[in-house]
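Take a look at the structure set out below.
Every chain is numbered from 1 and lettered A, B, ... according to where its sequence line falls, protein lines coming before strand lines.
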Amino acid sequence: MKALFTRPRSLTSNVMIYCPGCGHGLVHRLVAEVIDELGLRERTIGVAPVGCAVLAYNYWNFDVTEAAHGRPPAVATGIKRVLPDRLVFTYQGDGDLAAIGTAEIIHAAARGEKISVIFVNNAVYGMTRGQMAPTTPLGLKTTTTPSGRDPDLHGYPIRVCELLTSLEGVCYLERVAVDSVPGILKARQAIRKTFTYQLENRGFSLVELLCSCPTNWKMTPSQAMKWIGQEMVKWFPPGVYKDVDSTNQG
Amino acid sequence: MKIIVDPERCKGCQLCLENCPNQVFQLSSAFNLSGYHYVEVVAEERCSGCRRCVIICPDVAIELYQEKKKKAVPTKGEK
Amino acid sequence: MKSLLLNGCEAAAEAAIAAGCRFYAGYPITPQNRFPEYMSFRLPQSGGVFLQAESELAAINMVFGAAAAGARALTSSSSPGISLKQEGISYLAGCELPAVIINMNRAGPGLGDVTPSQSDYFQSTRGGGHGDYRTIVLAPWSVQEIYDFTYLAFDLADRYRNPVLILSDGMVAQLLEPVHPRNGMKKLPQKKWALTGCRGRKPNSIKSLFLTPGVLETHNWKLARKYERMEKREVRWESYLCEKMELLIVSFGICARIAREAMEQARREGLRVGLFRPITLWPFPYRQLKSCLEKVSKVLVVELNLGQMLDDVKIASGGHSRIFFYGRPGGGVPTPEEILKEIKKK
């Protein structure tokens, strides 16, 4: 029997704790698949965030450390500077990366730190029960914006890829909607590119993945996937925002 | 095709079921140990091996195998 | 090896390099700016990495990363910056990562000023960040000692897989004194737990999160046993002329050095005064101090704060000593004569 799909070696057999239809499981698997493809499992060090993905070290079958909330880019900097020939990546949610860890991500990018950032944007604080995130679209009801996000009261969502484009240390930025089979395949390509660029010492790179949080969006997994493609992309347009190899930069 | 759904990994999100073009899956009426209705394979013979289910499954609950061994075709020059 | 003329920042930096430190991250803050400046050229010369971080938070977390990757790592700062680092120190303790943190204590609270102080005693000896943890705290009183203690701190950090603090102050940071350096580093310990890529072994993980009921308590008990071992083995102190005395001064760090001068003046005037100096502020030398306290009727605690180590002296005495306190908060530094005056009052 020829295997068309089995669990990647870089994933453990542990059942992930995420809710049904959660985007984290998908992205964990994509990261693992790419690491397997590139043959990097024994050279990889991951940095897990605080948030739903805090237990990522239980699911990835390579070296992983936790980091304080928002600090993964600083922790990854310490690791990468000490072990420059390893693949070092952070895995961060929107609260971790774009709220409490804003300084760390911007300065890691500005330094051109040779790390990869897997940024999961699901528009809410998932683990703490769906409060407003820095990436919550206007109008969206969350547990701390019960009447919907109002710009007068809560400000505007942060678009991370757009924000980072001006920094010279950044070699690659792409946003992908993880809302369908083609979206997932595209996300895998983007993850592969961020890892490849790191191995080529090109600088800092980040992939923003628009992912579903059916539980806190109060949708079925299928509705949540559709909402990414229909609503979330209006606020966070997918595309390549920077690519040192491309003339078509955003 | 051989499709194996691990009922203990499956959380019944049904993304596979909705993305399958050939109605291979259905939701079981039984529960797994975590309390989820899980997806089961009802029409394996209809599977075309398109891999949509394994690509979209967030929980790595499905494994897909090709039963008949195809004769190796040289792919030189092809990307 | 010939002596070097260094200030406290430079001495600690040289000691770190001699001890095999290969990573430093810090953020500028007076009175220890010489530290990052000196490291910025000395550490790369020794094959290490110097990073000026965007914040104290980033600096301590870069140290966390370097330590997780198995390197001997260091950060330095002064009081307001050390407050910001407390989150990271708590994570280092929870994750059992070795690192050295040097605090050139300046006066607070708040922004305070840049003059020497010992006002971070509580913060240093009582954990500082959140959670139930301890760090070894070494208090040097000279440039030679900040050299020796920094060198030692890396060994202690690795031995216990725990952060180690040097509680120094703005005066030792800027004192210029001769230092006898040590020879280059011996063999560094193997760190099988470090994250280096899982070639030929099972993956390692570093974490302080334990969600399964009871597991975090077990982890805390394991840490508690480690802290007990530190209390048994790592207590350091010094005593001077603690026989046949009428009054015992208890003081630490630079303040103890001033107090020793006061003690010598008092002795010259025929007053029988001794001095007890805790070197490790945690673990505190309770037992050793107690046996000194038993030989004396009056005790004078002298600190550059409102009375923080005073609490530990009271714990050591168990309520059996007459304890007086002379403290100078907010950057005030007493002269030996001022301390002598206090001695004579008692």
## Note on the structure
Nearest heavy-atom approach of B/Pro58 to A/Gly21 is CG-CA, 3.9 Å

### Message
Here's a test for you: under side-chain contact (heavy atoms from CB on, under 4.5 Å), which of B/Ser34, B/Cys10, B/Cys13 qualifies with A/Pro20?
### Response
B/Cys13

### Task
Show your working on side chain to side chain contact (heavy atoms under 4.5 Å, CB included) between A/Met1 and B/Gln66 and close with a plain yes or no.
CA-CA 6 Å; A/Met1 264 197 324; B/Gln66 195 166 32; over 6 Å; no

### Query
Would you say the side-chain atoms of B/Arg51 pair up with the backbone N or O of A/Leu4, donor to acceptor, closer than 3.5 Å?
yes

### Query
Is there a donor-acceptor pair under 3.5 Å between the side chain of B/Lys11 and the backbone N or O of A/Cys22?
no

### Message
For a 4.5 angstrom cut-off between non-hydrogen side-chain atoms, does A/Arg29 reach B/Asp59?
### Response
no

### Query
Of all of B/Asp6, B/Val60, B/Asn19, which one pairs up most often with chain A through heavy atoms under 4.5 Å apart?
B/Val60

### Message
Can you tell me which portion of A/Asn14 sits under 4.5 Å from chain B's heavy atoms? Options are side chain, backbone, both or neither.
### Response
backbone

### Task
Please step through side chain to side chain contact (heavy atoms under 4.5 Å, CB included) for the pair A/Phe5 and B/Ile55, ending with a clear verdict.
CA-CA 9 Å; A/Phe5 180 86; B/Ile55 290 167; over 6 Å; no

### Task
Evaluate whether atom CZ of A/Arg129 has more than 12 neighbouring non-hydrogen atoms of other residues, nucleotides or ligands under 6.0 angstrom away.
no

### Message
Taking A/Ser13's backbone N and O only, do any of them form a donor-acceptor pair with B/Arg9's side chain (distance below 3.5 Å, no angle check)?
### Response
yes

### Message
Between A/Thr220 and chain B, with a heavy-atom cut-off of 4.5 Å, which part of the residue counts as in contact: side chain, backbone, both or neither?
### Response
neither

#### Entry: Atom group of A/Leu30 that falls short of 4.5 Å from chain B, counting heavy atoms
neither

### Derivation and outcome, side chain to side chain donor-acceptor pair (under 3.5 Å), residues B/Glu18 and A/Ser222
CA-CA 8 Å; B/Glu18 285 158 19; A/Ser222 176; 2.6 Å; yes

### Heavy-atom contact with chain B under 4.5 Å, split by part of A/Tyr18
both

### Message
Between A/Met225 and B/Leu15, does the side chain to side chain contact (heavy atoms under 4.5 Å, CB included) criterion hold? Intermediate values first, please.
### Response
CA-CA 9 Å; A/Met225 283 293 208; B/Leu15 288 173; 3.8 Å; yes

### Task
Check whether B/Ile4 gets within reach of chain A through its side chain, its backbone, both or neither, counting any heavy atom under 4.5 Å.
neither

